[in-house]
Amino acid sequence: MFLMKDIVRDGDPVLRQEAADVTFPLSEEDQQLAKDLMEYLVVSQDPEQCKKYGLRAGVGLAAPQVGVSKKMASVLVPPTEKDGKSPFTDVIINPVIVSESVQEGALTEGEGCLSVDKDVPGFVPRHDRITLRYYDVNGEKHQLRLKNYPAIVCQHEIDHLHGMLFYDHINNDQPFTRDDDMIMIE
Ligand SMILES: CNC(=O)c1cccc(C)c1Nc1nc(N2CCN(c3ccccc3Cl)CC2)nc(N2CSC[C@H]2C(=O)NC)n1
Ligand code: NI
């Protein structure tokens with residue numbers, strides 16, 4: 001199981017590299033990595049276990065953040081009160097955003113990252129809607145449309161696979177600048 005000591009922090013070059021494509025069928029090692037990446041999110045989202053292991057809660061974790069420069073990330077978007085179903089949960093492998101809305105979206109409260117200890121205030125302008133193509137741990141190809149929070153999270157995690165961090169997108173002169181048709185996501 002990953003603990004905070006296993007999370008690579010900003011400044012480590014691995015977070016600024018282009019990660020390598022994952023080859024199928026997954027090696028034992030890559031299968032274990034996928035399990036561990038998802039387990040971190042599950043444990044971190046359970047208040048009791050989160051406290052017990054001293055974790056920072058997250059809804060996404062990319063392999064480079066645990067020092068493995070491979071195109072793999074776990075995403076676990078918690079269920080919204082409404083229907084108790086997670087809008088998106090999977091380990092995305094060799095993900096590609098095949099299309100994206102011109103319309104932007106951003107989290108109203110800004111973004112946090114397990115690899116960035118400092119708070120970096122500001123809107124992180126992203127695409128409000130994306131069409132995501134990825135392979136799951138079984139090598140099955142998926143292509144689906146995501147919008148709002150799940151789309152933001154996937155873009156944040158896919159950024160990690162290309163050596164980008166969320167604050168790279170923040171407008172430093174006007175961090176809370178937004179154009180009036182930017183979708184603000186709670
Ligand atoms: C600077 N202001 C802020 O951080 C920020 C501040 C307020 C609100 C938001 C919404 C903010 N923003 C933000 N909050 C999150 N969490 C909210 C709490 N949650 C969580 C916490 C406890 C249990 C279960 C869960 Cl689910 C875990 C996830 N996560 C991300 N990001 C950016 S995309 C990848 C994702 C990530 O996992 N980061 C570690 N951003
Ligand atoms: Ni991150």
Side-chain angles (χ1 to χ4, degrees), residues 2-4 6-19 36-82 84-92 95 97 100 104-130 132 146-172 175-178 182-186:
F2 291 130
L3 299 172
M4 288 313 289
D6 304 306
I7 307 279
V8 168
R9 303 305 154 89
D10 191 4
D12 187 309
V14 75
L15 291 172
R16 291 304 187 174
Q17 281 169 13
E18 177 73 19
D36 291 341
L37 287 172
M38 183 54 77
E39 187 192 32
Y40 179 94
L41 300 181
V42 172
V43 172
S44 81
Q45 293 183 15
D46 174 322
E48 216 166 280
Q49 295 213 52
C50 185
K51 196 157 172 271
K52 179 178 167 191
Y53 293 104
L55 305 182
R56 265 186 71 187
V59 290
L61 182 61
Q65 294 183 272
V66 291
V68 179
S69 194
K70 289 187 178 178
K71 285 195 158 77
M72 183 189 291
S74 56
V75 176
L76 175 55
V77 180
T80 45
E81 287 58 54
K82 279 200 301 295
K85 201 167 87 58
S86 163
F88 187 67
T89 297
D90 213 346
V91 176
I92 59 176
I97 293 174
E100 55 207 16
E104 294 184 326
L107 297 185
T108 337
E109 308 276 343
E111 293 189 12
C113 179
L114 299 175
S115 295
V116 179
D117 293 326
K118 62 186 195 305
D119 197 39
V120 185
F123 294 144
V124 180
R126 295 188 185 276
H127 301 287
D128 183 54
R129 296 175 297 286
I130 59 171
L132 171 67
L146 294 170
K147 69 176 181 176
N148 301 336
Y149 194 49
I152 298 292
V153 176
C154 285
Q155 289 172 80
H156 176 114
E157 300 314 323
I158 291 170
D159 266 356
H160 277 301
L161 309 182
H162 299 288
M164 294 282 292
L165 293 173
F166 73 89
Y167 58 76
D168 300 342
H169 302 283
I170 294 175
N171 179 321
N172 290 317
F176 290 96
T177 185
R178 49 161 291 199
M182 183 189 274
I183 306 283
M184 300 315 293
I185 300 156
E186 293 304 320

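Atoms within each ligand, like the ligands themselves, are counted from 1 in listed order. Note that these values count all heavy atoms, side chains included, but never hydrogens, waters or copies made by symmetry.
- Residues forming a side-chain hydrogen bond (donor to acceptor under 3.5 Å, both in side chains) with Lys70 (at least two apart in sequence, or on another chain): Asp30.
- Neither the backbone nor the side chain of Arg56 comes within 4.0 Å of ligand 1, counting heavy atoms alone.
- Of all the heavy atoms of Glu111, the ones lying under 4.0 Å from any atom of ligand 1 are found in both the backbone and the side chain.
- Below 30°, between 30° and 60°, or above 60°: for His156 and Phe166 the angle between ring planes is below 30°, a parallel geometry.
- Under a cut-off of 6.0 angstrom, the local environment of NZ in Lys118 is crowded, with over 12 non-hydrogen atoms contributed by other residues, nucleotides or ligands.
- Scanning all protein heavy atoms for the shortest distance to atom 9 (C) of ligand 1 gives Glu109 CB, 3.7 Å.
- The Ni ion (ligand 2) has Cys113 SG, His156 NE2, His160 NE2 as protein N, O or S atoms under 2.8 Å away.
- Under a 4.0 Å criterion applied to the non-hydrogen atoms of Pro78, ligand 1 contributes the atoms 26 (Cl).
- Between Gln65 and Glu157, the closest side-chain pair of non-hydrogen atoms falls below 4.5 Å.
- The nearest non-hydrogen atom to atom 36 (C) of ligand 1, considering only Cys50, Ala73, Gly112, Ser115, comes from Gly112.
- Among all non-hydrogen protein atoms, the one lying nearest atom 21 (C) of ligand 1 is Ala57 CB, 3.4 Å.
- Protein heavy atom nearest atom 16 (N) of ligand 1, with residue, atom name and distance: Tyr149 OH, 4.0 Å.
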